[in-house]
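Following: one structure in structure tokens, then a few remarks.
For reference, positions follow the sequence shown, starting with 1. Basis for what follows: all heavy atoms, side chains included, without hydrogens, waters or symmetry-related copies.
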Amino acid sequence: MVGERGEGNYIFTNPLLEFLPVILVISETGGRIGDTFLVDPPSGIFFMKKSPVSDLIIPVLLLIDGLICALVSIFAHEIGLDPNIAWGRMRYALFILGSTLILFSLLATYFKRKVNVFFELFIKSESVKTFFLLGHLWGIIFVVYAWFITFGNFTTWNHSTHYYTQLADAFGKGQLYVDQSPGALLDAQDPYSVITRPVFQDEIWDMSLYEGKLYLYWGPVPALLITPIQLLLNKKIADIFLVYFFLAGLLLFNSLIILKLWRRFFPNIPAWNVFICIPLIGLILPILWSVNIPDVYEAAIGAGQFFLIGGIYFILSAIEDDLSINKWKIFWAGVFWACSVGSRAINTLSVIFLAAFVMAWIVNNKPRPINWTRIVQEGTPLFVPLIVGAIVIGWYNWARFDSPLEFGLRYQITIFNLNEQMNLTFKPDYFLPNIYNYLLQPFEFISRFPFIQPIKGSGILTKLSMAPPYLYAAGRVTGLLFCAPFLALSLNHLFPGNKEFSHDNAKPYNLLIYLLAGSFLTGFLTILFYFYGQMRFLVDIISQITLLAIIGYWEIISITQKGNTRRSKYLASFANLLIAATICISVLLAFSSETSRMETLNPLLFEKINNFLGAPK
């Protein structure tokens, strides 16, 4: 092995590097465990790269954790966590934990300058630092979710619907209909007519009535997941827990995709430009908006998006090996996409696009002449769960409504007679009002906290003295350009000249862009032609466009690193400003959301905030 110094790095050559794995612990200062090296196998050259995450991150986070634990234990009574002034065992344990973390932080900082294998492995390991920081970000966001979903008190996990609870009970009994009586609706001449039907119980609102029984038109997968839990624990799992679980799980998959993109396509991007994107994608509207309305609608939509993005993650993982496709990972992609449709039927078109495009990409990237036997072997793990899922969903629909293509929307007990007007649910006439609401609808300013609030989506038609087309209606909506201006960076993909990747990375990078953009456009067009405009529907496509915007953001940072011109610096600063604006606006609008749930259930909290801010009464 021969070494020489080059441009601030020690560069080493090794003729055997192409064939032998090398573990290198030599650095400019004598070598440290955890140093990162960039390798060029064809030339046998590798060089040390500066660690992307600071070695101080673990000691600093441990210190913060320790201080929080210690302060919470000391002031637990004053902040309302402990009704007793006297210290109990839990407060002593919390104080000891905090002190231990502070001590460990100080020891880690001290041994950072010493030669100690354990602390080197723990503090300087890139994997440990990355997931330590990521775990803290997840913890903070999970706490924010819990605070919003419990309307500011962390303890009251109620004020939610129980539709999936009832469906899980039905599955546990071996039936597909819920144990609710339609009551007087059975005697109505037309139970779907708003005009002629009698008054009915609120509990059956939005259920599907068919041949005297009540069903759910929402996908059954969330209920299937909680059925064994309810049977084993003999406890009811309300929809609020499903909303929390699926949106928290969506954050995990989005975060893992972000890390995968960073490591493979943007390894030179500073760590802070990467990790700031985690709270961005976790708190962006409409995610936090949906957390604050934890009902069955948000549970079904959140489940659909969780499984859709999970499938994309498994596809990215399956193609990491350039020599072959990991069949188990592509199988799990198929399972997740089947569950996405089983949770949210409107995702069918997006899943069809994703599966077809992945298969086309596999075929297109095989050497000629194509070995079709191998193509079938690699595609089968993806399509088997999709085909099985389609058969099961078709049977589920047929067993309930005598048609494999009927999900129950037609028989819904709601404000419209969809049994007669089903042909009006998707129309081109809804495109213009929906695209205005979802993209261009502004919010309005108010004098008290949260100082901004969403506007009813049908308001623009009233201002223009226009009658809504057909069945069209819309709730409170804020357009993405106003509530999430950072998403404008996704347009950077319309200018492909900025990308510079090696031949090996260009193909998977393009696959990712097409999967995200294609599923976004498919899902977005679907809701644009739908007769009902709701902010929660944007959950169907928010992860895809946010990931595209994050990639566009990183491309701007890459340009800044290469050119370092005043123009590129201004552009990067503006992009960072968009991140801050998007997070702040999203959080403020989430306080109001569709129903002002938090203010209704916890008016004292809003009163305290307004008094603290000196807002007028």
Side-chain angles (χ1 to χ4, degrees), residues 144 148 276-277 279-293 298 301 305 430-464 466 468 472-494 520-521 523-525 527-528 530 532-550 552-553 556 571 573-599:
V144 172
F148 268 92
I276 190 63
C277 297
L280 170 72
I281 205 166
L283 300 177
I284 194 170
L285 240 58
I287 298 298
L288 204 55
W289 175 294
S290 297
V291 169
N292 197 21
I293 317 174
E298 289 72 24
I301 295 172
Q305 183 71 350
Y430 307 139
F431 181 85
L432 288 180
N434 272 331
I435 203 165
Y436 172 82
N437 285 327
Y438 289 138
L439 293 181
L440 304 175
Q441 170 88 305
F443 49 76
E444 65 179 359
F445 290 94
I446 56 178
S447 60
R448 291 170 61 81
F449 182 83
F451 305 116
I452 56 175
Q453 68 181 14
I455 304 173
K456 192 171 179 61
S458 54
I460 183 63
L461 297 176
T462 304
K463 289 182 180 179
L464 297 176
M466 296 175 59
Y472 186 75
R476 300 172 78 180
V477 180
T478 299
L480 291 176
L481 292 180
F482 285 89
C483 70
F486 175 80
L487 299 182
L489 298 185
S490 62
L491 299 176
N492 190 48
H493 299 286
L494 299 177
F520 163 75
L521 290 174
F524 195 39
L525 286 173
I527 63 175
L528 286 179
Y530 192 54
Y532 202 46
Q534 282 288 336
M535 197 74 188
R536 62 175 177 263
F537 294 160
L538 291 176
V539 175
D540 290 330
I541 49 91
I542 193 62
S543 294
Q544 296 96 308
I545 191 173
T546 305
L547 289 170
L548 287 170
I550 287 172
Y553 168 60
I556 292 173
L571 186 59
S573 299
F574 180 68
N576 292 327
L577 182 62
L578 290 180
I579 293 178
T582 296
I583 294 176
C584 291
I585 295 172
S586 295
V587 171
L588 290 176
L589 287 175
F591 276 96
S592 300
S593 65
E594 174 69 20
T595 60
S596 298
R597 172 178 177 267
M598 180 173 281
E599 185 173 11

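- Residues Ile293 and Arg536 are not in side-chain contact: their nearest non-hydrogen atoms beyond the backbone lie 4.5 Å or more apart.
- Looking at residues two or more places apart in sequence or on another chain, you find a side-chain contact (heavy atoms from CB on, under 4.5 Å) between Ser458 and Lys456.
- To the nearest 0.5 angstrom, Ile583 atom CD1 is 5.0 Å from Leu280 atom CG.
- Here the side chains of Leu283 and Ser586 are not in contact, with every heavy-atom distance at 4.5 Å or above.
- Considering only heavy atoms from C-beta on, Trp289 stays 4.5 Å or farther from Cys483 through its side chain.
- In this structure Phe482 satisfies the ring pair (Phe, Tyr, Trp, His ring centres under 6.0 Å) test with no other residue, sequence neighbours excluded.
- Closest heavy-atom contact between Ser290 and Val539: OG-CG2, 3.4 Å.
- Annotation for Ser592 and Arg476: closest pair CB-NH2, 4.2 Å, computed over non-hydrogen atoms.
- Of all the heavy atoms in Gly552 and Asn492, the pair that sits closest is O-ND2, 3.6 Å.
- Residues passing the ring pair (Phe, Tyr, Trp, His ring centres under 6.0 Å) test with Phe431, sequence neighbours excluded: Phe529.
- Contact between Pro450 and Ile446 at its shortest, heavy atoms only, is CD-CD1, 4.3 Å.
- Note that CD1 of Ile281 and CD1 of Ile550 are 4.5 Å apart. Values are rounded to the nearest 0.5 Å.
- Going from atom CD1 of Ile301 over to atom CG of Asp540 covers 5.5 Å, rounded to the nearest 0.5 Å.
- Taking each heavy atom of Ser593 and Ser596 in turn, the nearest pair found is OG-N, 4.1 Å.
- Residues satisfying the side-chain contact (heavy atoms from CB on, under 4.5 Å) criterion with Val477, sequence neighbours excluded, are Asn437, Tyr438, Met535.
- Under the 30°/60° scheme for interplanar angles, the aromatic rings of Phe520 and Phe524 are found to lie parallel.
- To the nearest 0.5 Å, the span separating CD1 on Ile287 from CD1 on Ile284 amounts to 8.5 Å.
- Taken to the nearest 0.5 Å, the CD1 atom of Ile435 stands 10.5 Å off from the CD1 atom of Ile527.
- Crowding of Phe574 atom CZ: a count of heavy atoms from other residues, nucleotides or ligands under 6.0 Å not exceeding 12.
- Side chains of Pro433 and Pro468 form no contact here, defined as non-hydrogen atoms less than 4.5 Å apart.
- A donor-acceptor pair is defined here as one N or O able to donate and one able to accept, closer than 3.5 Å; no such pair exists between the side chain of Asn292 and the backbone of Arg597.
- Side-chain contact between Thr478 and Ile455: absent, with no pair of heavy atoms (C-beta onward) separated by less than 4.5 Å.
- When side chains are defined from C-beta on, Ile585 does not count as touching Leu285, because their heavy atoms never get closer than 4.5 Å.
- Taking the side chain to side chain donor-acceptor pair (under 3.5 Å) definition, one finds that Tyr532 meets it with Gln534, sequence neighbours left out.
- Every pair tested for salt bridge (charged side-chain N to carboxylate O under 4.0 Å, His left out) that includes a residue from residues 575-595 fails, sequence neighbours excluded, so the list is empty.
- Every residue meeting the side-chain contact (heavy atoms from CB on, under 4.5 Å) condition with Leu481, not counting sequence neighbours, appears here in chain and number order: Leu440.
- Residue pairs satisfying the side-chain hydrogen bond (donor to acceptor under 3.5 Å, both in side chains) criterion with at least one member in residues 573-583, sequence neighbours excluded, are listed as follows: Tyr553-Asn576.
- Partners of Phe443 under the ring pair (Phe, Tyr, Trp, His ring centres under 6.0 Å) rule, at least two apart in sequence or in another chain, are Phe445.
- To the nearest 0.5 angstrom, Phe591 atom CZ is 8.0 Å from Leu288 atom CG.
- Here the shortest heavy-atom pairing between Ala549 and Phe486 reads CB-CE2, 3.5 Å.
- Looking at residues two or more places apart in sequence or on another chain, you find a side-chain contact (heavy atoms from CB on, under 4.5 Å) between Ser543 and Leu250, Asn254, Gln305, Ile309.
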